[in-house]
There are 2 protein chains.
Amino acid sequence: MDDRRGPHLLFLTDEQLKKGIEAMFFAYKGFTADPDRILEQYGYGRAHHRAIHFIHRSPGTTVNNLLGILGVTKQSLNRVLRTLVEDGLVESRVGTRDKRERNLTLTERGQALEADLSDAQRTRMRAAYREVGPDAVDGFRKVLEAMMDPDMRRHFNALKDPE
Amino acid sequence: MDDRRGPHLLFLTDEQLKKGIEAMFFAYKGFTADPDRILEQYGYGRAHHRAIHFIHRSPGTTVNNLLGILGVTKQSLNRVLRTLVEDGLVESRVGTRDKRERNLTLTERGQALEADLSDAQRTRMRAAYREVGPDAVDGFRKVLEAMMDPDMRRHFNALKDPE
DNA sequence: CAATTTACGTCAGTCTTGTTGACTTTACCA
DNA sequence: TGGTAAAGTCAACAAGACTGACGTAAATTG
């Protein structure tokens, strides 16, 4: 018989997998807690955060692209985007190449909020990373990527990589 | 000068941390996608899933305990719990030790749905785990736990560990 | 060039899931 | 006995998702 046990094959009980599921649940709560507190002061929610984040990440992106990344309807995104433009955090300019498109960028005030939110979230993540070491960080990223839907992984990999 | 570079100190750029943040966002979407599809057929949402999950995990748990784990208001939880009891998925029995408490358990039908949801979620997680190997899984869990709020970590660790 | 498709925006209505605040009943406890 | 705790409920509200329908402007295609 072929005994394939060893470092290359995982024997994971349902209980172990459930602990992983629960870890995701609790960690995601922590992950969003800090920015949520900041957003509350501005009267914004997570939806605003996500829009700001990805506009910052891909300046000049279009509405359609953002829809693909966020995976929501245009009505849902539009509600958020409208308030951000009205409040002067996001600028929406008619596209140069294709005038049907709108190129979205953060204004100075938008960038300031982005920096605030990002700092809070990075601080927690940096603390977690430091606590557990580089190998764990590597594994963390690998598992997360493997858990994504292929569509989302495509979007994820399309984002600019750190050099 | 004290040169502390080496395996014990991480040099993480903001860009690298942002990729981690984005990975969490995209992965969480994938993480919830499968159960969401099942729940839709029952007319339930994620809130129902969470209640079912943690009642399954701690049979006989009380409403108060569940409130602590989920981090929502009792009005919010009650709405969900009521429909689950009405639909015959959850049983609420007056506590034996303390008659003010209600001990929550899954009925047979509740257990069946839990198994369905759990299977879907575990399948994805198992696939991810197998893809990346045991070391990565270990790192994944460590980072997640480090990212939790202390309160949540307490709840997390209070859950039965796999032997 | 005319017809179609695409990108965006918007109006209206619905649903889930969270919130606050107030109030009741029952039970425990000091 | 009087205070506190657990649970349940009513009402009102808000964020953020959804569907469906419609309009406009620009690009694309036959």
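If you're wondering where the values come from, they're calculated on a predicted model, not measured in any experiment. What's counted below: heavy atoms across the whole structure, side chains too, no hydrogens, waters or symmetry copies.
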Using atom [atom1] of [X] as one end and atom [atom2] of [N] as the other, report the distance to the nearest whole Å.
X	N	atom1	atom2	answer
B:Y28	D:dA17	OH	P	14 Å
A:L66	C:dC8	CG	C1'	13 Å
A:L81	C:dA7	CG	P	16 Å
B:L39	C:dC15	CG	P	18 Å
A:E40	C:dG18	CD	P	16 Å
A:N78	D:dA17	CG	P	13 Å
B:K29	D:dG16	NZ	C1'	12 Å
B:Y44	C:dC15	OH	C1'	16 Å

Polar pair under 3.5 Å, donor/acceptor by atom type, side chain A:R79, base D:dA17: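 Side chain to base: pair present.
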Under-3.5 Å donor-acceptor pair between A:Q75 side chain and D:dG16 base: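 A donor-acceptor contact between them is absent.
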Do the side-chain N or O atoms of [X] get closer than 4.0 angstrom to the phosphate oxygens (OP1, OP2) of [N]?
X	N	result
A:N64	C:dC8	yes
B:T73	C:dT19	yes
B:H48	C:dT17	yes

For [Y], is there an ion pair with [X] - N to carboxylate O distance below 4.0 angstrom?
X	Y	result
A:E15	B:R57	yes
A:R141	A:D138	no
A:R122	B:D14	yes
A:D119	A:R126	no

Whether B:H48 and B:Y44 hold their rings parallel, tilted or perpendicular, with breakpoints at 30° and 60°: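 Taking B:Y44 first and then B:H48, their aromatic rings lie parallel (interplane angle under 30°).
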Toward the 5' end of DNA chain D, by each residue's nearest nucleotide, A:G43 or B:L67: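 Looking at the nearest nucleotide for each, B:L67 comes out on the 5' side.
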Residue met sooner reading DNA chain D from 5', once B:T62 and A:G71 are mapped to nucleotides: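 Its nearest nucleotide lies further toward 5', so the answer is B:T62.
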Qualifying side chain to side chain donor-acceptor pair (under 3.5 Å) pairs, either residue in residues 59-69 of chain B, two or more places apart: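 Passing the test, one end in residues 59-69 of chain B: B:T61-B:N65.
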Distance-only side-chain donor-acceptor flag, A:Y42 / A:D87, under 3.5 Å: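 Not at all, the side chains of A:Y42 and A:D87 share no donor-acceptor pair under 3.5 Å.
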Residues from residues 94-106 of chain A lying under 4.0 Å of DNA chain C - heavy atoms: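 Within residues 94-106 of chain A, the residues near DNA chain C are A:R100, A:E101, A:R102.
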